[in-house]
Amino acid sequence: MKFETLSIHVGNATPEQHQAVVQPITLSTTFAHGNAAGMIYTRANNPNRDSLEKVLAALEKGEDAAAFSSGNAAGTAVYQALAPGSHIVAPDDMYHGLHNSMVQLFGGIHEVTFVDMSDLEAVKNAIRTNTALFWIETPSNPLLKITDIQEIASLAKAQGAILACDNTFATPVFQNPLTSGADLVMHSSTKYLGGHSDLLGGALITAKKDAFWEKIRKVQHLGGAVPSPSDCYWLSRSIRTLAYRMKGHASNAKALAEFLVSQPQVEKVYYPGLAIHPNHAVAAKQMHDFGGMVSFTVKGGAAAADHVVSKLNYFVNATSLGGVESLIERRAAVEGPNTTTPENLLRVSVGLEHIEDLIADMSQALG
Ligand SMILES: *Cc1c(COP(=O)(O)O)cnc(C)c1O
């Protein structure tokens with residue numbers, strides 16, 4: 001089955017006696033002992049979560065998937081599953097919430113080194129004898145840096161460490177890190193997988209059901225940060241249109257990025273689909289398309305960037321990404337005083353409005 005077909009036909013367990021076309025929501029928290037499906041209690045398993053996990057594993061070409069109540073819960077599950085005293089190599093540009101989780105929650109438990117993951121020598125120099133996890137995010141948030149997944153996978157293999165990739169920006173439509181040698185994929189399903197800015201969720205997908213995966217399953221089950229059956233239902237519903245939404249996001253993003261490059265008020269555009277992106281070739285090698293996120297810096301500093309945001313009509317000034325509506329924010333203002341993000345950088349989640357309306361709006365705001 002191809003991606004679009006998998007999205008629709010995997011993980012839709014419909015009860016036979018009703019011939020319902022769509023799997024219903026099973027709200028029950030508990031199941032009578034001896035049931036054929038082996039269900040026990042909804043924190044451990046639930047028909048809607050099972051179905052969601054099946055489709056996620058299929059789309060990421062993994063052996064198994066675990067759904068969580070948020071992207072941060074999924075990422076944090078990986079750090080929880082590591083043996084205490086492990087060393088993590090992580091990107092200098094990554095989702096700030098998971099950066100903060102590594103530093104503020106796990107700072108006393110693990111060691112972490114942040115490096116530019118597109119600089120292979122820097123990554124090699126960061127490796128220690130106790131390095132147990134390479135954490136990558138490609139494209140990265142918010143600088144759209146590209147990491148060569150295969151290169152880091154071979155370093156991880158040589159070290160006997162796990163490679164986990166935050167695939168939120170690319171989505172499984174455009175990138176399958178497991179096929180490039182990653183061991184784990186992480187998603188904030190809150191973003192493109194959910195796609196409508198109305199649910200929180202996270203996921204981990206594994207290449208192999210190994211001992212580390214058993215540990216992850218324990219964190220999910222015993223830690224208990226699981227999504228509700230209703231959230232699993234809505235997420236499964238959204239995933240059925242993921243491939244088509246992503247095509248729209250990527251084509252709008254490319255057109256907006258190209259427009260921004262031509263604008264005199266714009267200092268620099270960050271989009272891996274542009275030939276001027278320093279790692280465009282790596283992106284083209286490992287991605288089918290370049291996603292819906294574009295960042296750019298505005299001449300005149302933070303105030304000029306804020307002014308552009310204030311003049312926009314269709315781009316909502318809000319955090320988050322991946323919904324049908326376009327969002328924009330000055331990222332440094334959100335990330336706080338320790339951020340390395342340029343003060344005048346605007347991050348855009350390019351939505352599914354008509355591209356001509358988006359470009360006209362951006363044009364009047366810059367002008
Ligand atoms: C939003 C986001 C997360 C965290 O996900 P939540 O669902 O908000 O917990 C992690 N990684 C990336 C790249 C994100 O954009």
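Start at 1 with the first residue, then count along the sequence. Whatever order the structure lists them in is the order used to number ligands and atoms, beginning at 1.
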* Tell me yes or no: between the side chains of T113 and H87, is some donor less than 3.5 Å from an acceptor? => yes

* Check ligand 1 against L321 and write out every atom of the ligand that is under 4.0 Å from a heavy-atom position of the residue. => 15 (O)

* Asked: So is A73 polar-close to ligand 1, meaning N/O to N/O under 3.5 Å?
  -> no

* Flag D166 as yes when one of its N or O atoms lies below 3.5 Å from any N or O atom of ligand 1, and as no otherwise. => yes

* P47, S51, P15 screened by side chain to side chain contact (heavy atoms under 4.5 Å, CB included) with T26, the one that passes -> P47

* Structure fact -> If you scan protein heavy atoms around atom 7 (O) of ligand 1, the nearest is T190 OG1, 2.6 Å

* Examine the proximity of ligand 1 to T168 and report which part, side chain or backbone, both or neither, has a heavy atom under 4.0 Å away. => side chain

* Asked: Under a 4.0 Å N-O cut-off, is there an ion pair linking R330 with E343?
  -> yes

* Structure fact -> Within 4.0 Å of some non-hydrogen atom of G71, the atoms of ligand 1 are 5 (O), 6 (P), 7 (O), 9 (O)

* **Per-atom contacts of ligand 1 with E137, taking only distances under 4.0 Å to non-hydrogen atoms** => 13 (C)

* Asked: Taking atom types as modelled and ignoring hydrogens, do the side chains of T14 and Q19 form a donor-acceptor contact shorter than 3.5 angstrom?
  -> no

* Name the closest protein heavy atom to atom 14 (C) of ligand 1, giving the residue it belongs to and the distance to 0.1 Å. => K191 NZ, 3.0 Å

* Is the shortest heavy-atom distance from the side chain of K299 to the side chain of N344 under 4.5 Å? -> no

* To do: Compute the minimum heavy-atom distance from G201 to ligand 1 and say whether it is under 4.0 Å.
  => yes

* Asked: So which heavy atom in the protein is nearest atom 5 (O) of ligand 1, and how far is it from that ligand atom?
  -> S188 OG, 2.9 Å

* Cut-off 3.5 Å, side chains only: do S197 and E325 have a donor facing an acceptor? -> yes

* M94, portion touching ligand 1 at heavy-atom distance under 4.0 Å -> neither

* To do: For the pair E53 and Q220, evaluate side chain to side chain donor-acceptor pair (under 3.5 Å) and give the outcome as yes or no after the intermediate values.
  => CA-CA 13 Å; E53 291 175 345; Q220 181 197 31; 2.9 Å; yes

